[in-house]
Amino acid sequence: QVQLVESGGGLVQAGGSLRLSCAASGRPSSPYAMGWFRQAPGKEREFVAVMSWSTGNTLYVDSAKGRFTISRDNAKNAVYLQMNSLLPEDPAVYYCAAGPFGTSWRNFGSWGQGTQVTVSS
């Protein structure tokens, strides 16, 4: 089981940037990936980005392409989500998760507590 702790959320103006961090500890099942998901009030949890820990392959939701970048630091066992050009539709609680490479949140077995991202217009 992997323990995940997110940080870096906050309030930012539209067009601004935030960098989310996720520190992982414990032993993940292999093969595995680290992903970011988000959930806005009244909406279903949504895939944002995922990175394979072994290959570095990435996937993004269409709305994040060109604006968000997922990256990792192997030495720190950490994954990051750099979010640029934030839009009014981006606010949500953002969750870090560990699981098999893919986009379905239902397949990810380990989750962080979430970090709130708020965008002011």
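Reckoned from all heavy atoms, side chains included, excluding hydrogens, waters and symmetry mates.
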>> Looking at every heavy atom in both Ala33 and Ser52, which two are closest together, and how far apart are they?
In response: CB-CA, 4.0 Å

> Under a 4.5 Å side-chain heavy-atom rule over Ile, Leu, Val, Met, Phe, Trp and Tyr, are Trp36 and Val2 clustered together?
Replying inline: yes

> Quick one: are the ring centres of Phe37 and Trp111 less than 6.0 Å apart?
Replying inline: yes

> Just how far is it from atom OG of Ser21 to atom CG of Asp73, taken to the nearest 0.5 Å?
Replying inline: 10.0 Å

> Any cation-pi pair here, Arg72 with Tyr80, using under 6.0 Å and within 45°?
Replying inline: no

> Would you find a donor on one side and an acceptor on the other, under 3.5 Å apart, between the side chain of Glu6 and the backbone of Gly114?
Replying inline: yes

> Would you find a donor on one side and an acceptor on the other, under 3.5 Å apart, between the side chain of Tyr60 and the backbone of Ile70?
Replying inline: yes

> When rounded to the nearest 0.5 angstrom, what is the spacing between CZ in Phe68 and CG in Asp90?
Replying inline: 4.0 Å

>> Can you tell me how far apart CZ (Arg38) and OH (Tyr94) are? Round to the nearest 0.5 Å.
In response: 4.0 Å

> Of the non-hydrogen atoms in Gly9 and Leu20, which two are nearest, and what is the gap between them?
Replying inline: N-CD2, 3.6 Å

>> With a 4.0 Å cut-off on N to O distance, would you call Glu89 and Arg67 a salt bridge?
In response: no

> So, for Gln116 and Ala92, which heavy atoms are closest and what is the spacing to 0.1 Å?
Replying inline: NE2-O, 3.4 Å

>> Quick check: closest heavy atoms across Ser7 and Thr115, and the distance to 0.1 Å?
In response: C-OG1, 4.4 Å

> Do Val50 and Thr58 pass the side-chain contact (heavy atoms from CB on, under 4.5 Å) test, and can you show the C-alpha distance, the side-chain angles, and the key distance before you say yes or no?
Replying inline: CA-CA 5 Å; Val50 65; Thr58 58; over 6 Å; no

>> Checking the side chain of Gln3 only, and the main-chain atoms of Ala24 only, is there a donor and an acceptor separated by less than 3.5 Å?
In response: no

> Heavy-atom distance under 4.5 Å between the side chains of Val119 and Leu87, does that happen here?
Replying inline: no

> From Ser71 OG over to Arg19 CZ, what is the distance, rounded to the nearest 0.5 angstrom?
Replying inline: 6.0 Å

> So which heavy atom on Asn84 is nearest to which on Ser17, and how close?
Replying inline: OD1-OG, 2.9 Å

> Under 6.0 Å between ring centres, would you say that holds for Tyr32 and Phe101?
Replying inline: no

> Side chains of Pro100 and Asn107: closer than 4.5 Å at any heavy-atom pair?
Replying inline: yes

> Rounded to the nearest 0.5 Å, how far does CG of Leu81 lie from CE of Met51?
Replying inline: 10.5 Å

>> Any non-hydrogen side-chain atom of Trp105 less than 4.5 Å from a side-chain atom of Glu46?
In response: no

>> If you compare all heavy atoms of Ala14 against all heavy atoms of Ser121, which two are closest, and at what distance to 0.1 Å?
In response: CB-CA, 4.3 Å

> How far does CD of Gln13 sit from OG1 of Thr118, to the nearest 0.5 angstrom?
Replying inline: 13.0 Å

> Is any side-chain heavy atom of Met34 less than 4.5 Å from a side-chain heavy atom of Leu4?
Replying inline: yes

